[in-house]
Asker: 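Dumping the structure here so I can ask a few things about it.
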Amino acid sequence: MWCIYLLKGTLYQEGTLINQGLLLIILLITLFESFSCLQITKNIYVSRLFRSISALIAMFTIYGIILFVTDGVSVKGKMSQYYIEGAYISLLPIYVTYLYTKKGLITLHSLQMWMILFVIVGICEYFKMERGLTARILENKSAFDEGTNNAGNWLLYLIPGMLVFRKKPLFLYIGLAVITVFIIMAMKRGAILICLFLLLIIIRGIMKNASKQQYFIIALLAAITLLVVFAYIQQMIQSSDYFNYRLEQTLEGDTSNREVIYENFWNTYINQSDPFALLFGRGAWATLKTAGGFAHNDWLEMLINNGIIGAFLLFVFLYRLFQVSRCKFLAYESRFCLFLIFFIITIRTFISMSICGMSIYATSMLGFSLADGFRKNVR
C-alpha cells in the first residue's frame, strides 16, 4: 500500500479518492498496530526510544488539532491536516515494521524484495518531480534548463536499506551506485554531501568486518562503485551548466540565502517577550504564518512552533536513537543501519526539515533494525 501511495501522480492523479483512501487505511493500520508494539517492547533502550517517538507524535497531534480549530482547513494555501499527517506518515511506520519484524512477518529476504521495489518507486518519484520542475522552469523562463529536484532528499533514505544486501555485495554496490547517481542528478547539495559521506562510512564499516577472503572482492566492488560515481560527477561538470553553477555556489560558500533565513527566524524567537511562546512556541506552522515560509531547519522550526519543549523532545529522540545504535545487544548490522539513519536525520535537521519528512524507506529499516532483524534467528 505504501508503494501505491508513493506513486501518486505517476500511477494515478494526486488528490483523488484513491490517494486519500489509501492514506486513511495506512494511518489507521499504523495507529492500531503502534499500541500493540508498545506492549511487546521489552528492551529498555528501545522502549525509551519509542517513548520519545510517542511524545513527538502526541505533541504534533495536540498542536495540529489546535491549528485546525483556530485557523480552519487551510493556512497560507496549505491544508491544516498536513501538519498532523506529515508527523504520522514519518513516525508511525517505525512501530509497525518493528512489530511485524518481531512477529516474523518481515524477514531479511522479504525486505530485500521490498528494497528493490522501493528503489524503483524512488526513481519514479524522481522523474515525477522532474516533470513538475521542468514545467516550472518553462513557466518562469529560467536562465537554466535544469534545477534542483527535491527527490534527492528522499532518495538518501534508500541508502541504509541497501544493507539488506550485505551478503550479496554485487546487489549492494549496484544499488548504492544507482541511488548515488540519481541523488547527484537531483543536484541537492546537502543530499549529495551526505550521500558521499554515507558511501565512505558504509564501505569502511563493511570492510572492517570482512574476512580475508571477502576483503579483496569488497574492496574491488567498492572501488568500482566510487569510480562510477566520480566519473558521473565529472560528466555532469562537463555537460551541465546548472551543476557547475551549484558547484561554484558551494565553493564560494553561497547557501542560497539560508543564513539569512536562519538569522531572521532566530531573531524572531529570541526577541519575543512572551515567556509562554518561548517555552511552548507560537503554535503549529507559526513560521509559515509569520514569515510566509518554513525555516528549513528542524531546530528553528521547533523553537518557533513548539518552543523549548519541542526542541527538547527532538533532542531526546535523536539522543535515544544514537544510544540504541551503540548498544551491544543488537547485531552489528542492526546497529550500523541505525547509525546511518541517525546520521542522515541529524545532519538534515540543520539544513532541512527531516523529523516530519522521513520516508518509508528509512522508517522500514529503522523498525527492522530496532527489532534486530539482521540476526540469523529472526526468520
Side-chain angles (χ1 to χ4, degrees), residues 3 6-10 14 90 115-140 142-162 173-202 225-226 228-251 254-258 294 296-298 340-341 343-345 347-354 356-362:
C3 290
L6 290 172
L7 286 170
K8 60 184 184 293
T10 303
E14 197 166 350
S90 184
M115 282 301 148
I116 293 171
L117 187 57
F118 283 162
V119 171
I120 295 170
V121 171
I123 292 171
C124 290
E125 278 283 293
Y126 170 86
F127 284 114
K128 183 191 78 173
M129 291 188 179
E130 191 70 15
R131 289 195 299 271
L133 176 64
T134 302
R136 289 194 299 274
I137 288 171
L138 292 174
E139 183 181 341
N140 298 330
S142 173
F144 297 100
D145 59 0
E146 298 172 294
T148 55
N149 187 324
N150 286 327
N153 290 327
W154 284 67
L155 291 168
L156 264 179
Y157 289 116
L158 284 167
I159 293 177
M162 292 302 100
Y173 289 107
I174 288 174
L176 289 174
V178 169
I179 294 165
T180 303
V181 165
F182 274 95
I183 290 173
I184 293 168
M185 287 168 60
M187 298 194 224
K188 296 290 289 185
R189 291 176 294 176
I192 292 172
L193 290 173
I194 294 172
C195 176
L196 294 177
F197 275 114
L198 287 173
L199 287 180
L200 296 175
I201 293 170
I202 288 172
T225 302
L226 291 175
V228 168
V229 168
F230 287 115
Y232 187 76
I233 292 174
Q234 185 64 33
Q235 190 268 333
M236 289 286 286
I237 291 172
Q238 293 173 356
S239 62
S240 173
D241 291 336
Y242 188 72
F243 188 82
N244 278 289
Y245 169 70
R246 296 288 284 177
L247 186 59
E248 288 172 10
Q249 278 187 311
T250 305
L251 294 174
D254 187 339
T255 59
S256 302
N257 289 324
R258 287 288 176 89
F294 296 111
H296 297 285
N297 179 299
D298 271 328
L340 293 179
I341 296 170
F343 181 82
I344 296 171
I345 297 171
I347 299 299
R348 290 197 67 229
T349 60
F350 292 100
I351 60 175
S352 186
M353 295 187 295
S354 67
C356 289
M358 284 191 290
S359 166
I360 186 65
Y361 313 144

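One is the number of the first residue; the rest follow in order along the sequence.
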Asker: Taking side-chain contact (heavy atoms from CB on, under 4.5 Å) as the definition, give me every residue that meets it alongside Leu247, ordered by chain and number, with sequence neighbours left out.
Answerer: Ile237, Leu251
Asker: If the plane angle is over 60° it's perpendicular, under 30° parallel, otherwise tilted; pick one for Phe118 and Tyr361.
Answerer: tilted
Asker: Taking the side chain as C-beta and beyond, is there a heavy-atom pair between Tyr242 and Met187 under 4.5 Å?
Answerer: yes
Asker: Restricting to non-hydrogen atoms, name the atom on Thr148 and the atom on Leu133 that form the minimum distance, rounded to 0.1 Å.
Answerer: O-CD2, 3.6 Å
Asker: Go through Trp154 and Glu125 one step at a time and tell me if the side-chain contact (heavy atoms from CB on, under 4.5 Å) criterion holds.
Answerer: CA-CA 9 Å; Trp154 284 67; Glu125 278 283 293; 5.6 Å; no
Asker: So, taking the atom named CG in Asn297 and the one named OG in Ser352, what distance separates them when rounded to the nearest 0.5 Å?
Answerer: 9.0 Å
Asker: Heavy atoms only: give me the nearest Thr180-Cys195 pair and the separation to one decimal.
Answerer: OG1-SG, 3.5 Å
Asker: How close do Leu176 and Ile159 get, heavy atom to heavy atom, and via which atoms?
Answerer: CD2-CG2, 3.9 Å
Asker: To the nearest 0.5 Å, what is the distance between CE (Met115) and CD1 (Ile120)?
Answerer: 13.0 Å
Asker: Could you point out which residue of Ile341, Leu340, Ile347, Ile345 forms a side chain to side chain contact (heavy atoms under 4.5 Å, CB included) with Phe343?
Answerer: Ile347
Asker: Looking only at heavy atoms, which two atoms of Ile179 and Leu155 are closest? And how far apart?
Answerer: CG2-O, 3.5 Å
Asker: With sequence neighbours left out, write down each residue that passes side-chain hydrogen bond (donor to acceptor under 3.5 Å, both in side chains) with Asn150, or none if nothing qualifies.
Answerer: Lys188
Asker: Please report the closest heavy-atom contact between Ser354 and Ser90, naming both atoms and the distance.
Answerer: O-OG, 4.3 Å
Asker: Under the side-chain contact (heavy atoms from CB on, under 4.5 Å) criterion, do Ile194 and Ile183 qualify, and how do the steps go?
Answerer: CA-CA 10 Å; Ile194 294 172; Ile183 290 173; over 6 Å; no
Asker: Rounded to the nearest 0.5 Å, what separates atom CZ in Phe127 from atom CG in Asn149?
Answerer: 9.5 Å
Asker: Do Val228 and Tyr173 come close enough that some side-chain heavy atom pair is under 4.5 Å?
Answerer: no
Asker: So how far is it from Ile201 CD1 to Leu196 CG, rounded to the nearest 0.5 Å?
Answerer: 11.0 Å
Asker: Please report the closest heavy-atom contact between Arg258 and Ile351, naming both atoms and the distance.
Answerer: NH1-O, 2.7 Å
Asker: Is any side-chain heavy atom of Ile202 less than 4.5 Å from a side-chain heavy atom of Met162?
Answerer: no
